[in-house]
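Following: one structure in structure tokens, then a few remarks.
Below, each value reflects all heavy atoms present in this structure, side chains not excepted, and no hydrogens, waters or symmetry copies. Every chain is numbered from 1 and lettered A, B, ... according to where its sequence line falls, protein lines coming before strand lines.
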Protein chains: 2
Amino acid sequence: MATISAETDYIQPAVTADTALFSVRGGELVALTVRREREPFAGWWALPGDYIRAEEALDDCAARALAEQTGLDAIYLEQLYTFASHYPGRWGRVFNVAYFALVPFAAVSPRNDENIAWQALSRLPRLAFNHEDILASARRRLAAKIEYSALALGLLPEVFTLAEVQAVYEAIKGERLDKRNFRRALLALDQLEVTGEKRQSGAHRPARLYRLREPSNLGIIG
Amino acid sequence: MATISAETDYIQPAVTADTALFSVRGGELVALTVRREREPFAGWWALPGDYIRAEEALDDCAARALAEQTGLDAIYLEQLYTFASHYPGRWGRVFNVAYFALVPFAAVSPRNDENIAWQALSRLPRLAFNHEDILASARRRLAAKIEYSALALGLLPEVFTLAEVQAVYEAIKGERLDKRNFRRALLALDQLEVTGEKRQSGAHRPARLYRLREPSNLGIIG
DNA sequence: AATAATAGTGTTTTCTTTACACTAAGTCAA
DNA sequence: TTGACTTAGTGTAAAGAAAACACTATTATT
């Protein structure tokens, strides 16, 4: 029987944690990218991420990179998949431990930094490394998860209309939903409450505004 | 804005692919373990796995380790989660990319090697490294996946009775299932066919034997 | 005052899931 | 050879979940 291979045989790769961060802007699903400053792929758009440090936990690395590069803090991150890739020359072997998360659009956009941008998934630019693969994989996971969880509530701003929530779900699932069935199911989650305020957005009846009842445990479901 | 950290800052860890391999023996869920021959944890039971080699893909590494250590070949492996751990001394940082898979019990048991053993999950010995955590995580994934897929059909031998399939599902889910409902749902998957043979196993009516219709695409579902 | 646009609301139908009990076919022992 | 025992095998009814479906309400605009 073969055993654990000889020590000379295994390699010493670099490990990164990279996050596919989703939001919805104008009913369209978007992902956050940051512009790389150094080689390789200097100047390219990439997912926020960093090399892991000695003694650092994977989750912590993903959270730290996100905080450093985007200012986002303390959001729910879920590990997605680990990708192995190989780059010629001195960069060598890289393992990407991919994470994904959802945030309200407003959580990042105020920071008007040219090196951070939301990209619509429907017209994504080329990304550095294998980040396009990571993003595609995260998008599939997102669509699958949303089927059986209240996960997408994490995408919402402070207050919102039910039509806006429906737009988020439709953007993620890529299909139209029935208004009455959607509202019934959403309210049955018992996570929303009415604010009493209304929002006027055109020459028509204004919509009631809602807020999340308990912002704490979102995304844990499922 | 902070950027990708300095090159001196990141570390060069070891990366392994380890597989939680499940089967069912006598209606009980079991996992395959191999005995470690070298330090650290020499003599302990561990999950089959190995350090990844230069240029090797993660999936290939998991498959190779499994083939070398157990003789199993060409089974469906699904990546589960990546764990980071740290061991004092010269072993340093290790990342375990965990996989999980299901096989018919007979696929491994004939090989009567003292250094390979199926362990009942209900009375698992201490395992090397963080392999108990990996196994616990894999068991949760298994239970979740089986809810909405035909995954557990991968656990079956060449031919089998419906009662045996039900025992597999009951072992994984940890609850009793209704015989009629189970059979109806199972046959509705349209993956089984009758062999025409029967199996006598006691002083009672013999059971019809079934086989898988298309052994190829199991586990892909869900 | 009429028009246009989105907000908001229940019921019916269909499908899925669950609960539930008896007959069939074999072995074994008296 | 017959009765007792054991597991195999089968259908239907009820409950619950999901899907289909259309009209009234409220505001701005002209």
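For the atom pair NE2 (B:His131) and OG1 (B:Thr33), the distance works out to 11.5 Å, reported to the nearest 0.5 Å.
Here B:Ala163 lies in heavy-atom contact (under 4.0 Å) with sugar-phosphate atoms only.
A:Glu158 CD: 12 or fewer foreign heavy atoms inside a 6.0 Å radius. Applying the 6.0 Å contact sphere to CD of A:Glu193 captures more than 12 heavy atoms from other residues, nucleotides or ligands.
In this structure, the CZ atom of B:Arg176 is 11 Å from the P atom of D:dT7, given to the nearest Å. Separating the CG atom of B:Leu209 from the P atom of D:dT7 is a distance of 17 Å, rounded to the nearest angstrom.
Side-chain contact between B:Leu102 and B:Ser23 is absent, with no heavy atoms from C-beta onward closer than 4.5 Å. Put simply, the side chain of B:Leu47 does not reach to within 4.5 Å of the side chain of B:Thr19, judged on heavy atoms. A:Thr161 is not listed as a side-chain neighbour of A:Tyr210, based on a closest heavy-atom distance of 4.5 Å or more.
Salt-bridge check for B:Glu114 with B:Arg35: failed, with every basic side-chain N at 4.0 Å or more from each acidic carboxylate O. A salt bridge is defined here as a Lys NZ or Arg NE, NH1 or NH2 lying under 4.0 Å from an Asp or Glu carboxylate O, and A:Arg123 with A:Glu28 meets this definition.
Here the range on DNA chain C touched by chain A, meaning any atom under 4.0 Å from one of its heavy atoms, is C:dA4 to C:dT11.
In this structure, B:Ser137 contributes its side chain and B:Asp133 its backbone to no donor-acceptor pair below 3.5 Å.
Ring geometry for B:Phe41 versus B:Phe129: interplanar angle of 30 to 60°, hence tilted.
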Using nucleotides 10-13 of chain D, report all nitrogen or oxygen pairs with the protein that are shorter than 3.5 Å.
{"from": "D:dT10", "atom 1": "OP1", "to": "B:Arg208", "atom 2": "NH2", "distance (Å)": "3.1"}
{"from": "D:dT12", "atom 1": "O4", "to": "B:Arg184", "atom 2": "NH1", "distance (Å)": "3.4"}
{"from": "D:dT12", "atom 1": "O4", "to": "B:Arg184", "atom 2": "NH2", "distance (Å)": "3.3"}

Pairwise N/O distances under 3.5 Å, protein to nucleotides 26-30 of chain D:
{"from": "D:dT26", "atom 1": "O2", "to": "A:Arg205", "atom 2": "N", "distance (Å)": "2.9"}
{"from": "D:dT27", "atom 1": "O2", "to": "A:Ala203", "atom 2": "O", "distance (Å)": "3.3"}
{"from": "D:dT27", "atom 1": "O2", "to": "A:His204", "atom 2": "N", "distance (Å)": "3.2"}

